[in-house]
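Everything on this sheet refers to the single structure shown next.
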Amino acid sequence: MDIKRVAIDAVNETIVMTVVHMDYKGQVAKRLNEKMPLAQVKGFRKGQVPKDLVEKQYGKGIKKEEVKKVVDLALERYIQSERLNLLGTPLLKENENLDWDAEELVFEYEIGLVPNFELDLDAKNDIVKYVVTADDKLIDGQVERIQKQFGNAIPQEAVVEGADLKGIFTNEAEGIGNTTTISLSVFKDKATADKFIGKKVGDVVTVNTKDLFEDDHQLMDYLKVSHDVVHTLAVDVDFTIEAITVSEPAELNQELFDKLFGEGKVASLDELKAKIKEDAESQFAQQADQKLLGDVTEFLIENTKFDLPAEFLKKWLQTVGEKKLTAEEAEVEYARSEKGLRFQLIEGKALAQNDIKITFEDLKAFTAKNIRIQMAQFGQTNPTDEEVDGIVARVLSNQDEVKRLSDQVVAEKLLELFKEKANPTTKEVTYEEFIAASYGE
């Protein structure tokens, strides 16, 4: 068999395979001999059919099957021996005029190659690594929420100053229908809050979403609208009152501190505020890391230029999956997935370029860390190594979980690499400033 590659461009090639009679004749003869005792042709007893008739009836089908086996195996070995780094899998060029009786059978496969490109993690950029602090406003607000949460909710017949309302915001045309609990103090204008004073359960109050809250992003929390519309949404919404309460704040005493954090962990208001600050900033650090990872990802995708075998991949997408795609559907799917594919290649290059490998020990350690965090959230602060190891073993016996956790380990390692190599500018901000930077003003 003769195999050669024909380059079309840097990321597209054709593998041309020429199969001759010697490549498959032995296996075809063997299969025909095996067929002889089983062959059935009208006018002959089973097993007594002449060989030339068996060959005439079954020979072409057997030949096609054996040639396919030979070609498939040779193609696989060739790709391995040439160390071809492919995107997708080889696509056979259809040849309706192939003469199966010819001495030489030629098969052509289209292949798409992983592009060769340079990755510059040190490139100049304006990426910001945010350090998010919990300011006094946020901490005091959290103290108030704790007092309200653990205080007594006293039902009211009518809405009064400082009341909390449970109800549903609705606007059918905008697809808004969200049940929430809201305090009158969250409205930006007192005039809006005053609309509710004196209303009772079952009453409906209509407000406009424009400047409803101090921060437009609160529409995402209370009305469950998307960030895409929060800055421009200006429609009337109805709020149907379902319950009215006034909170009697819980006393900030040792009983409450112990209930929140465990016995003796916090003993004063100052210690409570310090604990709130510590916990909040730990969560903020995770959010800031995710933003940094996303920002570096976007920067690398936009600034790392390379060609993809786009037309090949669109054709390949039509052939994979349970449901075959039309050319138009493949076009849409390629547009949807191209960015992700580009980052996959960038991610692989970053790992290889910096000799970063993901080991099973890395996966076990990451899983164990997550399990300890989850157990602590449910009050199990000191699990034994044996307990954790048992849970790790069960989790990692699930291949879907292994894939999901492996992706998280890769993301964690990339984040550390980006922090080191991408040279982001560090900026200290409040949480409100961080949200504005994340979602836009």
Side-chain angles (χ1 to χ4, degrees), residues 1-32 35 55-117 305-342 344-346 348-349 352:
M1 181 185 298
D2 177 63
I3 306 178
K4 62 183 179 182
R5 281 172 28 221
V6 178
I8 300 170
D9 56 38
V11 290
N12 290 279
E13 291 187 355
T14 300
I15 296 178
V16 182
M17 309 179 70
T18 303
V19 183
V20 297
H21 191 54
M22 292 294 293
D23 295 323
Y24 57 85
K25 74 171 187 177
Q27 195 60 29
V28 170
K30 179 183 176 184
R31 288 275 306 279
L32 285 171
K35 196 74 176 174
E55 187 170 351
K56 183 178 180 180
Q57 182 160 342
Y58 300 103
K60 181 168 282 192
I62 290 175
K63 179 178 179 179
K64 287 183 178 181
E65 290 173 6
E66 292 306 318
V67 168
K68 184 178 186 308
K69 290 178 186 177
V70 168
V71 168
D72 287 349
L73 181 59
L75 181 62
E76 181 183 345
R77 288 176 174 172
Y78 181 77
I79 291 169
Q80 290 174 351
S81 67
E82 294 290 303
R83 297 182 179 177
L84 298 182
N85 203 355
L86 304 184
L87 290 174
T89 52
L91 291 178
L92 176 63
K93 285 187 177 182
E94 296 295 333
N95 182 3
E96 296 179 358
N97 298 318
L98 180 64
D99 180 6
W100 284 93
D101 295 322
E103 280 297 313
E104 293 184 348
L105 301 174
V106 179
F107 300 92
E108 295 185 17
Y109 286 86
E110 295 177 73
I111 57 172
L113 301 176
V114 171
N116 187 27
F117 60 92
K305 303 300 182 184
F306 54 82
D307 292 327
L308 290 171
E311 295 309 312
F312 167 81
L313 288 171
K314 290 171 190 176
K315 283 196 281 186
W316 176 73
L317 284 169
Q318 294 179 60
T319 69
V320 295
E322 293 181 9
K323 178 182 177 293
K324 303 305 180 188
L325 302 182
T326 64
E328 292 75 17
E329 289 171 334
E331 187 86 33
V332 172
E333 177 61 21
Y334 179 77
R336 186 191 67 79
S337 59
E338 181 188 1
K339 198 171 185 180
L341 174 58
R342 286 184 178 277
Q344 270 189 329
L345 297 174
I346 290 171
K349 175 73 82 170

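Separating the CD1 atom in Ile62 from the CG atom in Leu32 is a distance of 4.5 Å, to the nearest 0.5 Å. Remark: Glu311 CD to Tyr334 OH distance equals 8.5 Å, nearest 0.5 Å. To the nearest 0.5 Å, the span separating CD on Gln27 from CD on Glu65 amounts to 11.0 Å. Note that the CD atom of Glu110 and the CD1 atom of Ile15 stand 11.0 Å from one another [nearest 0.5 Å]. Taken from CG in Leu87 to CG in Leu84, the straight-line distance is 11.5 Å, to the nearest 0.5 Å. From Glu94, atom CD reaches atom CZ of Phe107 across 11.0 Å, with rounding to the nearest 0.5 Å.
Not one N or O on the side chain of Arg31 forms a donor-acceptor pair closer than 3.5 Å with the backbone of Lys63. Counting only distance, with no hydrogens or angles, the side chain of Lys324 and the backbone of Thr319 share a donor-acceptor pair below 3.5 Å. The backbone N or O of Met1 sits less than 3.5 Å from a side-chain atom of Asp23, completing a donor-acceptor pair.
Of all heavy-atom pairs between Ala330 and Leu317, the closest is O-CD1, 3.9 Å. Minimum heavy-atom separation, Asp99 to Leu105: O-CD2, 3.2 Å. Pairing each heavy atom of Ile111 with each of Leu113, the nearest pair is CD1-CD2, 4.0 Å. Listed here is the closest heavy atom pair of Asp72 and Tyr109: OD1-OH, 4.2 Å. Taking each heavy atom of Val11 and Pro309 in turn, the nearest pair found is O-CB, 3.5 Å. Across Ala7 and Glu13, no two heavy atoms sit closer than the pair CA-CG, 3.8 Å.
Heavy atoms from other residues, nucleotides or ligands lying under 6.0 Å from NZ of Lys56 number 12 at most. Counting non-hydrogen atoms of neighbouring residues, nucleotides and ligands closer than 6.0 angstrom, the NZ atom of Lys4 reaches no more than 12 such neighbours. Other residues, nucleotides and ligands place more than 12 heavy atoms under 6.0 Å from the CZ atom of Arg5.
Under the 4.5 Å side-chain criterion, counting only non-hydrogen atoms from C-beta, Ile346 is in contact with Phe306. Contact check for Leu341 versus Leu313: side-chain heavy atoms found under the 4.5 Å cut-off.
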In sequence, state the C-alpha distance, the side-chain angles, and the governing distance for Lys69 and Glu66, and then conclude on salt bridge (charged side-chain N to carboxylate O under 4.0 Å, His left out). CA-CA 5 Å; Lys69 290 178 186 177; Glu66 292 306 318; 3.2 Å; yes

Step-by-step side-chain contact (heavy atoms from CB on, under 4.5 Å) determination, Val71 to Leu92: CA-CA 11 Å; Val71 168; Leu92 176 63; over 6 Å; no

Please walk me through it: do Glu331 and Lys314 pass salt bridge (charged side-chain N to carboxylate O under 4.0 Å, His left out)? CA-CA 6 Å; Glu331 187 86 33; Lys314 290 171 190 176; 2.9 Å; yes

Run the side-chain contact (heavy atoms from CB on, under 4.5 Å) check on Thr14 and Lys93 step by step: do they pass? CA-CA 9 Å; Thr14 300; Lys93 285 187 177 182; 4.1 Å; yes

Asn116/Lys349 under side-chain contact (heavy atoms from CB on, under 4.5 Å): CA gap, chis, key distance, verdict: CA-CA 10 Å; Asn116 187 27; Lys349 175 73 82 170; 4.0 Å; yes

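Salt-bridge check for Arg342 with Glu338: passed, with a basic side-chain N closer than 4.0 Å to an acidic carboxylate O.
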